[in-house]
Amino acid sequence: MASPALDKSVPEILPPSLDATAEQPPLFDGITKLYTCYTCPFAQRVWIARNFKGLQDEIKLVPLILQNRPAWYSEKVYPPNKVPSLEHKGKITGESLDLIKYLESNFQGPSLLHEDPAKKEFTGELLSYSDTFNRTVFTAFKGDIAKEAGPAFDHLENALHKFDDGPFFLGQEFSLVDIAYITFVERFYIFLSEVFKYDITAGRPKLAAWIEEVNKIEAYKQTKTDPKEMIETYKNKFMA
């Protein structure tokens, strides 16, 4: 189980999201900034890692409204024009999985990577699989959910049996692997249940227990998006 003593999260007042009319914050002014979006599952990964490592005072959130994002973001900050991106030590870097590893390597706080060789190897395998997992489930929205997405959720169920001494992918330790998957899995859990009446936890007790345990971690709870808003967004994007 994750120890509350290790969870350095503290409640914070979230800054308002910036749209196309917003002025650009100073660039490379010595303040580390996480350019994010409160509803983006990719950006949420880095937000969770920031919170869990207790970096709220060290890394400032700069949230953007992606549907009406400022032109200066692609022109002057991050040309790929995606979130998340991190401004740190005079450079901008992106890609969510790279950034959660970057926070682990470059900042203090509770570790989200573990030194055990078997767990390090398994971490690499699961992080590599995450894009395939997401793509498989999203593609299944247009087909047979149980048949096409079921094996992907079975993969996670089986992975959660690898280290059986705790509820997380690496056993007792909450890690980068849990962060990589929870932002998408919980959205799938809610959306598939609501729209397709498909329960991803049915017959998958480890997956059900994992979702429940991650939801007890403040670092994650503070980043969750409104379920109704998420469902409408997914309906408009994938079901129209």
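When reading the values below, keep in mind they use all heavy atoms of this one structure, side chains included, and skip hydrogens, waters and symmetry mates.
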Salt bridge check, [Y] against [X]: does any charged N sit closer than 4.0 Å to a carboxylate O?
X      : Y      : result
Arg204 : Glu157 : no
Glu12  : Arg50  : yes
Glu104 : Lys101 : no

What do you reckon, are the aromatic ring centroids of [X] and [Y] less than 6.0 Å apart?
X      : Y      : answer
Phe133 : His155 : no
Phe169 : Phe122 : no
Phe141 : Phe191 : yes

- Between Lys91 (side chain) and His88 (backbone), is there a donor-acceptor pair under 3.5 Å?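 Flag not set: sc Lys91 to bb His88 has no pair under 3.5 Å.
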- Please answer whether the main-chain N or O of Thr183 pairs with a side-chain N or O of Arg187 as donor and acceptor at a distance below 3.5 Å.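 Side chain of Arg187 to backbone of Thr183, a donor-acceptor pair under 3.5 Å: yes, one is there.
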Distance from [X] atom [atom1] to [Y] atom [atom2], nearest 0.5 Å?
X      : Y      : atom1 : atom2 : answer
Leu126 : Asp178 : CG    : CG    : 9.5 Å
Trp47  : Ser96  : CH2   : OG    : 15.0 Å
Lys119 : Leu113 : NZ    : CG    : 12.5 Å
Asp154 : Leu207 : CG    : CG    : 9.5 Å
Glu125 : Glu121 : CD    : CD    : 5.0 Å
Lys33  : Ile59  : NZ    : CD1   : 12.0 Å

Taking the side chain as everything from C-beta on, heavy atoms only, tell me whether [X] gets closer than 4.5 Å to [Y].
X      : Y      : value
Asp29  : Glu87  : yes
Ile48  : Ile182 : yes
Ile211 : Glu186 : yes
Val46  : Thr36  : no
Thr39  : Met230 : no
Leu14  : Gln222 : no
Thr93  : Asp98  : no
Phe153 : Tyr189 : no

Specify the closest pair of heavy atoms between [X] and [Y], including all atoms of both residues, with the distance to one decimal.
X      : Y      : result
Ile145 : Ala140 : CD1-O, 3.2 Å
Leu170 : Phe163 : C-CB, 3.8 Å
Leu160 : Pro167 : CD2-O, 3.7 Å
Gly166 : Lys206 : O-NZ, 4.4 Å
Ala49  : Ile100 : CB-CG2, 4.0 Å
Pro151 : Lys147 : CD-O, 3.3 Å

- Stepwise, does the side-chain contact (heavy atoms from CB on, under 4.5 Å) test hold for Glu218 with Lys221? CA-CA 5 Å; Glu218 286 298 326; Lys221 287 164 64 176; 3.0 Å; yes
- Query: For Phe196, which residues count as a ring pair (Phe, Tyr, Trp, His ring centres under 6.0 Å) partner, sequence neighbours excluded?
  - Reply: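 Checked Phe196 against ring pair (Phe, Tyr, Trp, His ring centres under 6.0 Å); zero matches.
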- Task: Go through the steps for Tyr234 and Ile190 under the test side-chain contact (heavy atoms from CB on, under 4.5 Å), then give the verdict.
- Result: CA-CA 11 Å; Tyr234 271 32; Ile190 294 167; over 6 Å; no
Within the supplied structure, the quantity of interest is the number of heavy atoms (other residues, nucleotides, ligands) at a distance under 6.0 Å from [X] [atom1]; does it exceed 12?
X      : atom1 : result
Asp164 : CG    : yes
Lys142 : NZ    : yes
Lys76  : NZ    : no

- Sole candidate of Phe184, Tyr129, Tyr181 that passes side-chain contact (heavy atoms from CB on, under 4.5 Å) when paired with Asn134: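 Of Phe184, Tyr129, Tyr181, side-chain contact (heavy atoms from CB on, under 4.5 Å) with Asn134 is met by Phe184 alone.
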- Kindly assign one of parallel, tilted or perpendicular to the pair Phe174 and Phe168, based on the angle between their ring planes and the thresholds 30° and 60°.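 Aromatic pair Phe174/Phe168 classed perpendicular.
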- Message: Before you tell me yes or no, could you show the steps for Lys224 and Asn215 under side-chain contact (heavy atoms from CB on, under 4.5 Å), namely the whole-Å CA-CA distance, both residues' side-chain angles and the distance that decides it to 0.1 Å?
- Response: CA-CA 9 Å; Lys224 292 178 67 170; Asn215 268 282; 2.5 Å; yes
- Do Ile31 and Leu103 share a hydrophobic cluster, counting only Ile, Leu, Val, Met, Phe, Trp and Tyr and linking them when any side-chain heavy atoms are less than 4.5 Å apart?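 They do not share one cluster, since no chain of ILVMFWY contacts under 4.5 Å joins Ile31 to Leu103.
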- Same apolar cluster: Phe188 and Tyr198, side chain cutoff 4.5 Å: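 In one cluster: yes.
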- Item | Transitive ILVMFWY cluster of Val83, excluding itself - 4.5 Å side-chain cut-off |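 Besides Val83, the cluster holds Leu18, Leu27, Phe28, Tyr35, Val62, Leu64, Leu66, Trp72, Tyr73, Val77, Tyr78, Ile92.
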- Task: With sequence neighbours excluded, tell me which residues meet side chain to side chain donor-acceptor pair (under 3.5 Å) with Glu95.
- Result: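 Partners of Glu95 by the side chain to side chain donor-acceptor pair (under 3.5 Å) criterion, ordered by chain and then number, come out as Lys82.
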- Message: Between Lys53 and Leu112, does the side-chain contact (heavy atoms from CB on, under 4.5 Å) criterion hold? Intermediate values first, please.
- Response: CA-CA 8 Å; Lys53 294 181 76 67; Leu112 285 162; 4.0 Å; yes
- Item | Side-chain donor-acceptor pair present, Thr136, Glu148, cut-off under 3.5 Å |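 No - no donor-acceptor pair under 3.5 Å links their side chains.
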